[in-house]
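Inspection log for the structure reproduced underneath, given as structure tokens.
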Amino acid sequence: MSAEEKYTPGEIEAKWQQYWADRKTFTVTEDTSRQKYYLLEMFPYPSGRIHMGHVRNYSIGDVVGRFKRMRGFNVLHPMGWDAFGMPAENAAIKNNSHPAVWTYENIAYMRGQLKQMGLSYDWDREIATCDVSYYRWEQKLFLEMYKRGLAYKKQSFVNWCPSCETVLANEQVEDGACWRCDSEVQQKELEQWFFRITAYADELLDYTAKMPGWPERVLVMQRNWIGRSTGCEIDFPLDARTDAIRVFTTRQDTLFGATFMSLAPEHPLALQLTAPDRRAEVEAFIDKVKKTDRIRRTAEDFEKEGVFTGSYCINPVTGRRMPIFLANFVLVEYGTGAVMAVPTHDQRDFEFAQKYDLPLVVVIQPEGASLDPATMTAAYTEAGTMVNSGRFDGQKSDNAKEAIADWLEQEGKGKKTVNFRLRDWGVSRQRYWGNPIPIIYCECCGAVPVPDKDLPVVLPQDVVFTGEGGSPLAKLDAFRKVPCPQCGKPARRETDTMDTFVESSWYFLRYCCPDFEEGMVDKARTDYWMSVDQYIGGIEHAVLHLLYARFFTKVLRDLGYISVDEPFINLLTQGMVIKDGAKMSKSKGNVVDPDALIKKYGADTARLFSLFAAPPEKDLDWNEQGVDGCYRFLNRVWKLVHEFLSAVQGAAVLDVAVLTDEERALRRAVHKTLRKVTEDLDERFRFNTAIAAVMELMNVLQGAKLTLPQAGAVMKEALDLLLQMLAPFVPHITEELWQRLGHTGCLADTPWPAYDAAAVADEELLIVIQVNGKLRSKLSVTIGADEEAVKTQALADDKVKVFTDGKQIRKVIYVPGKLVNIVAG
RNA sequence: GCGAGAGUGGCGGAAUUGGCAGACGCACCAGACUUAGGAUCUGGCGGGCAACCGUAGGGGUUCAACUCCCCUCUCUCGCACCA
């Protein structure tokens with residue numbers, strides 16, 4: 001093979017990347033006359049270099065982007081950097097450098113890596129969230145949210161990671177450990193800024209029913225996280241006091257069975273209600289619970305324990321005097337931190353009552369049975385018929401729920417409420433490398449927003465990284481000490497920065513208008529592009545980022561910035577990249593380096609294998625031999641095109657009217673493949689089967705002979721279509737071959753071809769013949785063959801006769817164009 | 001425990017509406033070319049000598065079941081003392 005004919009991915013990939021960049025092939029502008037398609041992949045954290053997860057994520061996105069573009073859409077396909085965050089700070093401490101230097105160097109390197117992959121981004125829209133031109137608008141938004149009470153400060157117990165030396169949001173704590181470094185999270189009382197995401201809890205939940213483009217499991221996770229439950233708040237008057245304990249319950253139908261009260265050990269009334277002679281015991285208990293870490297305390301098998309306070313409250317509907325306990329399983333942060341205990345109908349209360357010998361009253365009887373408190377071995381938690389419940393006796397407990405709630409409201413003893421598991425989003429971080437919270441604290445005026453004219457608060461560069469903990473900003477007097485914008489007296493600036501999830505909650509809006517200098521978003525442009533038609537990323541953000549981004553979208557809508565309710569119409573959560581049965585990690589030594597991969601095989605092979613080895617939402621098993629297979633396939637494509645080059649270039653115009661049977665069969669294969677690839681890309685995102693279909697076609701084309709009169713023309717059509725079909729997957733090799741076939745334009749700019757319906761139509765059909773459901777023979781019939789004739793032919797078939805001889809034909813089933821099933825016996 | 005998803009050759013995976021199970025690729029085997037082959041090409045490749053048996057296991061519906069229904073097992077993910 002001559003040097004000219006050898007496939008050299010390194011050369012041709014660089015050539016075409018330069019070509020696309022020079023011509024700004026993928027640069028887009030708003031054009032209301034065209035249908036838009038906003039395609040987005042989750043932007044990366046600039047950690048240093050891309051990993052195989054990125055390769056897969058962005059390969060998937062690029063196929064969609066290039067395909068939609070060929071389909072005629074005005075495709076917005078941007079890329080940027082989630083550039084604030086702690087690793088930059090840690091690296092700065094370690095290398096005695098600066099987070100900004102580290103970050104921008106990483107961005108430069110990773111941008112190069114992405115460009116080497118031939119991804120169809122509009123690089124003119126690139127953003128980095130650590131750039132003041134980006135984060136300045138976030139500060140403005142923060143202040144708008146502050147004005148409307150959507151951002152507020154409160155003293156509270158917060159999740160504290162001792163290793164990262166910062167606060168974590170609830171969403172960033174996994175099994176009691178830091179989501180990033182896995183250290184055990186502690187509780188610390190601090191003044192923190194919060195975003196009032198709970199104000200949108202109902203809408204965030206309701207919309208999960210209106211998002212058919214999202215995977216059900218992500219929606220379920222979000223619903224669980226929001227955790228809406230409907231019930232009642234009921235006041236239990238305290239014995240010998242004028243105040244009451246308020247509980248939240250979803251089971252007001254069991255109210256008549258409440259025999260004692262359980263409070264969280266952290267409940268504000270806990271010590272107040274403790275009788276002097278019980279004080280020592282209660283304090284010891286509270287101390288013990290506080291020392292127990294949260295992981296153990298919330299484990300299911302954790303033993304229920306409590307302590308009697310010595311005080312009583314009154315069941316508002318029965319008048320029963322109920323002892324008040326502190327219980328280790330009652331959580332102060334959920335509901336009111338107090339639980340009315342109904343041991344007969346709640347398993348936890350039942351176990352607690354057994355342990356402390358507390359009374360049991362049955363108020364719901366199951367269908368056809370009668371519970372006796374003396375013999376019960378577990379709580380009965382299902383529905384049933386009300387008993388011992390005064391005026392509600394005899395009602396079905398399901399119906400009584402509503403009736404009791406109404407009655408409590410009438411009597412002024414309680415009210416219907418909705419309770420959420422979702423907490424407000426704590427956004428303060430005691431770190432340097434983040435967006436400064438634009439607030440100034442003044443002795444006289446309190447928390448004062450930084451005035452508009454002083455925005456943005458620029459993150460100072462001249463800080464020292466000692467690694468000693470605490471935010472470097474807090475030690476920088478030049479930053480910290482400012483006069484109060486209101487009264488002019490000496491004041492101090494907020495030195496906490498915002499959680500980096502704040503930046504990723506609106507970056508998709510900024511891509512619509514990255515150069516806009518008048519504000520956060522240019523409404524006209526954003527209205528054109530939003531919402532994102534297809535979002536692609538990992539499942540690990542199912543709650544965190546995807547919930548925050550939905551929240552921000554709704555806030556920005558209500559502030560008038562944008563017009564949509566939801567940011568992402570369709571969500572694809574791609575699977576992980578696995579090797580040797582485990583997620584790639586340095587410690588396991590199973591990491592594949594994208595640079596080495598591209599150097600050895602080229603970007604087209606790397607992309608092709610990422611797409612071919614598994615459907616996108618499943619985990620992908622990385623396998624070097626499989627990569628080899630993809631590389632071989634591309635070499636075969638390369639050779640095939642060159643083999644037919646001269647025949648194709650001298651070919652006449654295709655005349656479908658005068659084709660031989662063999663030529664028609666070849667065209668049928670080509671157009672059937674085109675139909676399948678189009679369907680797989682357009683409707684199903686099934687890249688693996690689309691590629692398999694093209695491989696199959698390749699096998700057909702390789703076997704094709706060129707002795708037929710119109711072979712050149714047929715082959716020219718076949719190769720053109722083959723390259724167009726493959727273009728979204730392997731853009732470089734196809735551009736190169738497209739050019740070598742004599743085309744002058746850019747393949748990426750060609751419209752996606754339509755298959756020829758006439759060419760696809762079969763002339764003959766292969767009918768499967770079964771006897772008693774088992775495949776026995778096959779029959780070739782002309783299209784539209786008469787049913788009776790096919791049946792007769794089937795029955796006369798020699799191979800069929802072997803199985804029907806001597807038997808009675810009971811029935812013959814004919815599925816037109818598919819099969820004949822002969823029932824004999 | 002609850003919820004969701006999955007279980008198909010040696011491996012990754014196909015089978016779109018109940019209609020040829022195993023497409024495509026990898027691995028493997030044989031052959032060709034070759035000084036050579038970890039290159040390339042050609043052919044084979046679920047099990048069984050066969051009748052037949054095969055989509056986690058068992059039952060059912062149907063002319064026909066990987067696909068629908070019931071039961072069981074296993075795995076993955078999510079939630080989990082949330083009152």
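All figures in this text were calculated on a predicted structure; none of them were measured in a lab. Chain letters run A, B, ... following the sequence lines, proteins first and then strands; every chain starts at 1.
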Distance, rounded to the nearest Å, where A:H541 contributes NE2 and B:rG78 contributes C1'
17 Å
Quickly work out the A:L608 CG to B:rC26 P distance and round it to whole Å.
11 Å
Begin from the C-alpha positions of A:N419 and A:E233 and carry the test side-chain contact (heavy atoms from CB on, under 4.5 Å) through to its verdict.
CA-CA 10 Å; A:N419 201 48; A:E233 276 180 3; 5.8 Å; no
I need the CZ-P distance between A:F633 and B:rG12, as an integer number of Å.
23 Å
With distance as the sole criterion, do the side chain of A:K618 and the base of B:rU76 form a donor-acceptor contact below 3.5 Å?
no
Please report the distance, rounded to the nearest Å, between CG in A:L775 and P in B:rC52.
12 Å
Rounded to whole Å, please give me the gap between CD in A:E679 and P in B:rU16.
12 Å
As a test of the definition: with a 90° window around 0 for syn, would you call B:rG9 syn or anti?
syn
When you match A:P615 and A:C630 each to their closest nucleotide on RNA chain B, which lands nearer the 5' end?
A:P615
Counting only side-chain N and O atoms of A:T689, is one of them less than 4.0 Å from OP1 or OP2 of B:rA23?
no
Using the C1' atom on both, measure B:rA39 against B:rA32 and round to a whole Å.
14 Å
For A:L634 versus A:Y7, what's the shortest heavy-atom pair and its separation?
CD1-OH, 3.8 Å
Which protein N or O atoms sit under 3.5 Å from an N or O of nucleotides 60-64 of chain B?
{"from": "B:rC63", "atom 1": "O2'", "to": "A:N821", "atom 2": "ND2", "distance (Å)": "3.1"}
{"from": "B:rC63", "atom 1": "O2", "to": "A:N821", "atom 2": "ND2", "distance (Å)": "2.7"}

note: A:D349, atom CG; B:rC81, atom C1'; distance rounded to Å ~ 10 Å
Pair A:F325 and A:Y356, ring centroids less than 6.0 Å apart:
yes
Can you tell me whether the side chain of A:K818 and the base of B:rC20 have a donor-acceptor pair closer than 3.5 Å?
no
Rounded distance (Å) that lies between atom P of B:rU42 and atom CZ of A:R632:
12 Å
Under the salt bridge (charged side-chain N to carboxylate O under 4.0 Å, His left out) rule, what pairs show up with a residue in residues 338-348 of chain A, not counting sequence neighbours?
A:D346-A:R348
Taking A:K579's backbone N and O only, do any of them form a donor-acceptor pair with A:N590's side chain (distance below 3.5 Å, no angle check)?
yes
From A:R251 CZ over to A:I404 CD1, what is the distance, rounded to the nearest 0.5 angstrom?
10.0 Å
